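Read through the structure below, which is laid out as structure tokens, and then see the notes.
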Amino acid sequence: MSAPQQPATQREVSVEIAAAAGAPPRPDGHPDRAYAPYRSTALRSPHQPLVVSPPSLTELAAPVFGARDVAPIEADLTRHHAGEPLGERIIVTGRVLDGDGRPVRNQLLEIWQANASGRYRHDGDQHPAPLDPNFTGGGRALTDDDGRYRFVTIKPGAYPWRNHTNAWRPAHIHFSLFGTAFTQRLVTQMYFPGDPLFGLDPIFQSVTDEKAQQRLVATYDHDVTQPEWALGYSWDIVLDGAHATPEDRD
């Protein structure tokens with residue numbers, strides 16, 4: 001019986017990332033479904049070319065979600081419990097746009113994230129960082145007539161994820177957007193500027209187009225920042241077209 005394969009080191013994964021960076025990026029800016037440095041994609045990506053069928057009328061035009069049952073408090077993740085959560089309070093805001101730059105109005109966004117210590121409120125997350133009894137990490141919001149959304153939350157921490165030895169995810173917030181039709185469905189992640197883990201992270205680096213990568217990174221916005229209360233970040237999301245926000249999955 002052969003010995004079990006040892007996890008790759010960060011140096012080995014970084015070499016793979018550098019090699020993959022030489023490949024031409026996909027025209028839509030989205031990551032390839034199979035990306036060798038991101039180990040689990042080998043088991044959940046297709047091994048044959050996809051069969052592309054034209055979208056049906058329902059997929060092009062049918063509404064997905066409406067405004068029912070989304071309360072304003074759901075967009076403030078710091079107010080879901082009796083006490084204040086620990087960590088750096090932040091405001092995240094921006095616009096949801098279609099490929100022609102038009103606002104996508106009255107559309108549902110869902111977010112989920114780790115707490116300030118880098119731990120999710122989930123049974124599958126058992127790494128030794130503390131849970132926060134006053135932070136669950138999930139929220140929802142609807143865009144207004146200008147396509148704008150706004151969340152109040154806590155800046156998440158980095159966390160280990162076992163893709164390889166000493167692998168850590170940069171701080172990020174997951175976004176799920178439903179758009180106006182199934183063809184606009186987008187699940188992605190928003191990152192924070194200047195994170196030192198960007199170059200080491202296979203998930204972020206699976207988006208091999210540098211301009212597309214930058215569309216995943218929020219901008220610090222001093223006009224959004226509120227004095228003595230919360231730092232502000234701006235992040236626009238484009239659902240389709242040449243400048244679409246890339247999928248970024250884990």
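On a predicted model such as this, the values are computed, not experimentally measured, just so you know. For reference, positions follow the sequence shown, starting with 1.
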Between [X] (side chain only) and [Y] (backbone N and O only), is there a donor and an acceptor less than 3.5 Å apart?
{"X": "R119", "Y": "G157", "answer": "no"}
{"X": "R89", "Y": "W229", "answer": "yes"}
{"X": "Q213", "Y": "V207", "answer": "yes"}
{"X": "Q214", "Y": "K211", "answer": "no"}

Once rounded to the nearest 0.5 Å, what's the spacing between atom [atom1] of [X] and atom [atom2] of [Y]?
{"X": "D201", "Y": "I17", "atom1": "CG", "atom2": "CD1", "value": "7.0 Å"}
{"X": "L200", "Y": "H164", "atom1": "CG", "atom2": "NE2", "value": "7.0 Å"}
{"X": "S117", "Y": "L86", "atom1": "OG", "atom2": "CG", "value": "7.5 Å"}
{"X": "I203", "Y": "F198", "atom1": "CD1", "atom2": "CZ", "value": "13.0 Å"}
{"X": "N106", "Y": "L142", "atom1": "CG", "atom2": "CG", "value": "5.5 Å"}
{"X": "T136", "Y": "R121", "atom1": "OG1", "atom2": "CZ", "value": "5.0 Å"}

**Request:** Classify the ring geometry between H174 and W112 as parallel (under 30°), tilted (30 to 60°) or perpendicular (over 60°).
**Result:** parallel
**Message:** Please verify the inter-ring angle class for Y159 with H127; under 30° counts as parallel, over 60° as perpendicular, anything in between as tilted.
**Reply:**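 Y159 and H127: tilted rings.
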If I compare all heavy atoms of [X] with all of [Y], which pair ends up nearest, and what's the gap?
{"X": "A116", "Y": "I154", "value": "CB-CG2, 3.8 Å"}
{"X": "P37", "Y": "E16", "value": "CA-OE1, 3.4 Å"}
{"X": "Y233", "Y": "P193", "value": "CE2-CD, 3.8 Å"}
{"X": "N115", "Y": "D132", "value": "ND2-N, 3.5 Å"}
{"X": "D236", "Y": "T245", "value": "O-OG1, 4.0 Å"}

How about [X] and [Y]: do any of their side-chain heavy atoms sit closer than 4.5 Å?
{"X": "I111", "Y": "V92", "value": "no"}
{"X": "H81", "Y": "P133", "value": "no"}
{"X": "L216", "Y": "Q189", "value": "no"}
{"X": "S176", "Y": "R185", "value": "yes"}

**Request:** Taking atom types as modelled, find out whether D221 and T219 have a side-chain donor-acceptor pair closer than 3.5 angstrom.
**Result:**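 There is no such pair between these side chains.
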**Request:** Check side chain to side chain donor-acceptor pair (under 3.5 Å) between D100 and all other residues, then give those that pass, not counting sequence neighbours.
**Result:**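 Applying side chain to side chain donor-acceptor pair (under 3.5 Å) to D100 gives R102.
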**Request:** Examine W161 together with Y38 and report whether their ring centres are nearer than 6.0 Å.
**Result:** yes
**Message:** Evaluate E247 against V187 for side-chain contact (heavy atoms from CB on, under 4.5 Å), listing each step before the verdict.
**Reply:** CA-CA 6 Å; E247 300 170 353; V187 179; over 6 Å; no
